[in-house]
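Source: prediction; values computed, not measured. Sequential numbering from 1 along the given sequence is applied to the chain's residues.
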Amino acid sequence: MPTPTQSSGASISSLDAQHIEATLSRIAPKWTTWSTQTLAHHGPLRTRELAAHLPFVHETTLSRRLGQMRADGLVTRAGDTHHSPYQLSVLGAALSPVHRALADWSQRHLSLGTVADAERVEDALRRLHLRHSTAVIQVLGTCGPTRFVHIAEEVGLDTSLARHRLNRLQLDGLVTRVGPRHGDPYVLTDAGQALGPVYTAVERWSNPTTERLSVLPPAPARSAAQAHSHVPLGTGDVCTAAALRRSTAVMSTVFSHPPQPQPRVPAAVTHQSTPGRSR
């Protein structure tokens, strides 16, 4: 598996995780990518015409999907009547760079065999769009190897939900552990580490001012007295705030789940973790 490289401005720690999660949920529903790309290639289409291009999807399913895509601002009607064909809105047409970033990431890091780009994009979105997934990935991308209890603390999850989210991220090949022991810290896989450009593309699509805002100086770090139990992700102070909180808090028991076969731990991080590491 190739070593990931992130382009400038693609640091996971600098992104707004909650905003990205909301955006991913908007574009992730099944058949959204297929519908978007078909409309991009074939122009305005009525539902039955779109269904003819996508014979593996029932026309009724496509009708519902197009209705929601219209509500989400991704498509519009090419006329004033109920039977007017659908066409991509400006926002929908602008999804192309996001789809390309997702397809490129999938091609480099996931073993799916030969599949259509639209299917590859929808598979990638299925892995990424679940609530709190981006926040967990951001904590690990910012802090490095981190123990279960500290991940739950940073993201603001109870132990049950945190365990469920980490299990899913492991199954999807984005997170693993640095060793086989029950309490070993979690770490991003190569695929997880390479998500910076994907998240950047998503944020730029949903917020065109992102690039302008990125040149502003960072806000001063908050003091320990100001630190809240849920650190707003999307800043560079996640690990600092976590350390401040843990310095005044009673250490909790490390919760985790039984070990299972995991993706390969990136070589760049295996040396960072020792049995006594506090994260």
Working to the nearest 0.5 Å, report the span between [atom1] of [X] and [atom2] of [Y].
X: Thr38; Y: Leu45; atom1: OG1; atom2: CG; value: 8.0 Å
X: Cys143; Y: His150; atom1: SG; atom2: NE2; value: 10.5 Å
X: Thr189; Y: Leu195; atom1: OG1; atom2: CG; value: 8.0 Å
X: Leu174; Y: Gln193; atom1: CG; atom2: CD; value: 11.5 Å
X: Thr134; Y: Leu24; atom1: OG1; atom2: CG; value: 5.5 Å
X: Glu154; Y: Leu140; atom1: CD; atom2: CG; value: 10.5 Å

Check whether any side-chain heavy atom of [X] lies under 4.5 Å from a side-chain heavy atom of [Y], and answer yes or no.
X: Asp117; Y: Arg100; value: yes
X: Trp34; Y: Val121; value: no
X: Thr176; Y: Val187; value: yes
X: Thr47; Y: Glu59; value: yes
X: Arg165; Y: Leu130; value: yes

Using a 3.5 Å distance criterion without hydrogens, assess whether the side chain of [X] forms a donor-acceptor pair with backbone atoms of [Y].
X: Ser206; Y: Glu203; result: yes
X: Thr146; Y: Gly144; result: yes
X: Trp205; Y: Leu91; result: yes
X: Arg131; Y: Glu21; result: no

For the student: nearest non-hydrogen atoms of [X] and [Y], plus distance:
X: Leu39; Y: Leu88; value: CB-CG, 3.9 Å
X: Pro197; Y: Ala101; value: O-CB, 4.4 Å
X: Ala124; Y: Leu102; value: CB-CD2, 3.9 Å
X: Gly192; Y: Ile137; value: O-CG2, 4.4 Å
X: Glu122; Y: Pro29; value: OE2-O, 4.2 Å
X: Leu95; Y: Leu74; value: CD1-CD2, 4.3 Å

Please work out whether the ring planes of Phe56 and Trp31 are parallel, tilted or perpendicular, with thresholds of 30° and 60°.
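Plane angle between 30° and 60°, so tilted.
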
Step by step, work out the side-chain contact (heavy atoms from CB on, under 4.5 Å) result for Ser133 and Leu169.
CA-CA 7 Å; Ser133 290; Leu169 288 168; 4.0 Å; yes

Is it true that, when you exclude [X] itself, more than 12 heavy atoms of the residues, nucleotides or ligands shown sit nearer than 6.0 Å to its [atom1]?
X: His58; atom1: NE2; answer: no
X: His164; atom1: NE2; answer: no
X: Arg126; atom1: CZ; answer: yes

List the steps, then state whether side-chain contact (heavy atoms from CB on, under 4.5 Å) holds for Leu50 with His42.
CA-CA 9 Å; Leu50 180 63; His42 297 283; over 6 Å; no

Test log, rule side-chain contact (heavy atoms from CB on, under 4.5 Å), inputs Met69 and Thr36:
CA-CA 9 Å; Met69 290 172 66; Thr36 300; 3.4 Å; yes

Geometric cation-pi criterion Arg77 and Tyr86, 6.0 Å radius, 45° cone:
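Cation-pi check for Arg77 and Tyr86: passes.
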
Is a side-chain donor-acceptor pair under 3.5 Å present for Ser106 with Arg120?
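A pair is found: one side chain offers a donor N or O, the other an acceptor, under 3.5 Å apart.
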
Please walk me through it: do Leu110 and Arg127 pass side-chain contact (heavy atoms from CB on, under 4.5 Å)?
CA-CA 11 Å; Leu110 303 179; Arg127 297 169 191 258; 3.5 Å; yes

